[in-house]
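As structure tokens, the structure follows; a few thoughts come after it.
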There are 2 protein chains.
Amino acid sequence: MSTRTSKPRRLSRRGDTRQILVDTALTMLDGDKSFDGLSLRELTREVGIVPTGFYRHFPDMDALGLALVDEAFRSLRKILEDVRQDTRSADRLVASVVKSLVRHIRAHRAGFAFIASERFGGSAVVRNAIRRELRLVQTELAVDLARLPYLKEWNTTDLHMIASLILNAMVASAIDILDVSARDREGETALMKRAEQHLRLILLGVPHWQSER
Amino acid sequence: MSTRTSKPRRLSRRGDTRQILVDTALTMLDGDKSFDGLSLRELTREVGIVPTGFYRHFPDMDALGLALVDEAFRSLRKILEDVRQDTRSADRLVASVVKSLVRHIRAHRAGFAFIASERFGGSAVVRNAIRRELRLVQTELAVDLARLPYLKEWNTTDLHMIASLILNAMVASAIDILDVSARDREGETALMKRAEQHLRLILLGVPHWQSER
DNA sequence: TGTACATCAGTGAACGCGCGTTCACTGATGTAC
DNA sequence: TGTACATCAGTGAACGCGCGTTCACTGATGTAC
């Protein structure tokens with residue numbers, strides 16, 4: 001056997017430990033722990049390096065927090081992309097949005113849980129970073145909505161209004177689903193149905209909306 | 001001067017320290033701190049008693065957490081009561097709901113901030129207590145909605161569906177307002193307007209809803 | 001009204017523990033020649 | 001291809017600190033007589 005593959009690579013992982021720190025932190029936060037309550041020593045213990053090793057990758061916990069925000073939003077953005085490529089009728093669009101949401105939640109549980117809990121969490125740095133990202137997502141959604149035929153007459157203010165209502169409803173649904181998913185597939189289906197109904201009810205009002213009343 | 005009023009009551013406050021602990025904790029959490037990251041010693045230091053004094057009032061921090069949930073929901077429930085006594089038309093009801101919401105947020109900032117941040121926070125005990133209370137509030141709202149003339153034909157499932165959509169939208173609005181309020185009165189007005197628009201858009205869809213499609 | 005006593009909120013010393021951060025170090029990997 | 005060297009991820013001892021919790025205590029308040 002060659003020394004290349006047989007030797008355990010205890011030292012000099014050259015670049016992948018940073019990602020392991022991020023992934024491990026997200027996993028650890030997907031339970032009864034908040035970022036505010038996660039200690040550097042706990043994290044490095046879990047990863048398998050000595051506490052001081054942390055400083056090779058991040059100057060402090062705040063910097064790790066920002067990396068977690070980046071990681072978590074990567075998957076949330078994919079949902080928007082999925083939906084963007086779907087040019088079907090409003091009615092089928094609704095089912096498509098919810099399906100995409102659930103698929104990404106299943107694949108990236110920890111990331112969604114992190115956004116949900118740290119959006120109003122104890123670390124100001126993390127909290128503000130999440131809000132900034134959510135505002136960007138809302139703007140992207142408003143732009144996407146403007147392309148829909150039954151919304152092309154709407155002005156920017158109204159588009160942002162409906163984008164925020166939809167985003168809030170979907171974030172709330174996502175969190176409910178997160179909570180129930182995995183251990184209760186039946187409950188998950190019920191919540192998906194409810195999320196679809198929320199979207200439909202919102203869209204039902206759209207044709208009757210009068211701007212600047 | 002009588003000894004009754006002149007003497008500093010350093011010892012044996014007989015019953016009010018518990019409430020001071022609750023109020024102080026809520027105030028401390030209305031900033032850059034999560035319940036998970038609040039220490040017993042910090043809290044007692046702020047209140048002005050020795051750390052061990054805490055145990056005279058609560059067996060542990062979890063018990064304090066539950067008391068905080070109780071306190072915080074007391075004011076949220078008052079909003080429902082306010083709105084319940086308002087039997088005006090749907091259109092005026094919307095403005096009334098939002099006004100009541102903003103008034104209670106101003107009066108009980110810390111309580112709302114606590115519910116918002118600990119709803120997905122690190123302490124399982126607190127998190128579950130908050131969710132239980134929110135579910136109760138949702139049910140109460142569904143019952144109230146059933147009394148409205150244009151909703152009296154709706155079945156229970158649909159009423160719960162719309163109740164959860166409204167509650168989610170209002171909680172999201174409350175949190176946005178919390179964040180901006182006090183330091184930006186103009187921003188607050190804009191958010192109030194948006195909250196009203198959200199409610200109106202939801203209600204616009206209601207007459208066109210077809211149950212169990 | 002006065003007195004003896006139970007109650008109970010608050011005290012302060014003490015404990016062992018996990019924390020973040022410093023520092024000088026080791027030794028494997030990648031690169032320049 | 002071989003060698004010398006810079007880079008850099010991980011090490012481990014050490015530090016001072018704030019933490020939750022224990023314990024036996026003090027002394028003011030409220031109550032029974």
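The sequence lines fix the lettering, A, B, ..., with proteins before strands; numbering per chain opens at 1. Keep in mind it's a predicted model, so treat the numbers as computed, not measured.
Using a 4.0 Å heavy-atom distance criterion, F54(A) is classed as making no nucleic acid contact.
In this structure, CG of L21(A) is placed 11 Å from P of dA9(D), rounded to the nearest angstrom. In this structure, L64(A) places its CG atom 14 Å from C1' of dG20(C), rounding to the nearest Å. For L43(B) and dG10(C), the CG to P distance is 12 Å, given to the nearest whole Å. Rounded to a whole Å, the NE2 atom of H57(B) is 17 Å from the C1' atom of dG20(D). Here the P atom of nucleotide dC8(C) and the CG atom of D16(B) are 15 Å apart, to the nearest Å. Atoms CG (D60(B)) and C1' (dG20(D)) sit 11 Å apart, rounded to a whole Å. Distance, M61(A) CE to dC19(C) P: 10 Å, rounded to whole Å. Spacing between atom CZ of F58(A) and atom P of dG20(C) amounts to 15 Å, rounded to whole angstrom units.
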Where do E81(B) and R77(B) land on the salt bridge (charged side-chain N to carboxylate O under 4.0 Å, His left out) test, with the steps shown first? CA-CA 7 Å; E81(B) 277 173 41; R77(B) 281 232 159 62; over 6 Å; no
Applying salt bridge (charged side-chain N to carboxylate O under 4.0 Å, His left out), run through E42(B) and R45(B) and close with a yes or a no. CA-CA 5 Å; E42(B) 258 181 312; R45(B) 209 180 298 130; 5.9 Å; no
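S100(A) places no side-chain N or O within 3.5 Å of a backbone atom of S96(A) that could act as its donor or acceptor partner. Under the 3.5 Å distance criterion, the side-chain polar atoms of R109(B) are matched with a main-chain donor or acceptor of L178(B).
Judged by Watson-Crick or G-U wobble contacts below 3.5 Å, the nucleotide dT26(D) has dA9(C) as its partner. Pairing for dC33(D) is with dG2(C), a Watson-Crick or G-U wobble pair whose two hydrogen-bonding atom distances lie under 3.5 Å. Using N1 to N3 plus N6-O4 or O6-N4 for Watson-Crick, or N1-O2 and O6-N3 for G-U wobble, each under 3.5 Å, dG18(C) pairs with dC17(D).
Using a 4.5 Å heavy-atom cutoff, the side chains of R131(B) and D179(A) are in contact.
In the set dT21(C), dT11(C), dT11(D), dT11(C) carries the atom at the smallest distance from any side-chain atom of I49(B). Taking the side chain of R56(A) as heavy atoms from C-beta on, and the options dG10(D), dT21(C), dT11(C), the nearest nucleotide is dG10(D). Checked against dG10(D), dG12(C), dT21(C), the side chain of P51(A) finds its nearest nucleotide in dT21(C).
For the salt bridge (Lys or Arg N to Asp or Glu O under 4.0 Å) with E196(B), the qualifying choice from R200(B), K193(B), R194(B) is R200(B), the only one to do so.
One finds no salt bridge joining D82(A) and K99(A) here, because no Lys/Arg side-chain nitrogen approaches an Asp/Glu carboxylate oxygen to under 4.0 Å.
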I need a per-nucleotide contact map over nucleotides 13-18 of chain D, read 5' to 3'. Cutoff is protein heavy atoms under 4.0 Å; write B for the base, S for backbone only, - otherwise. B-----
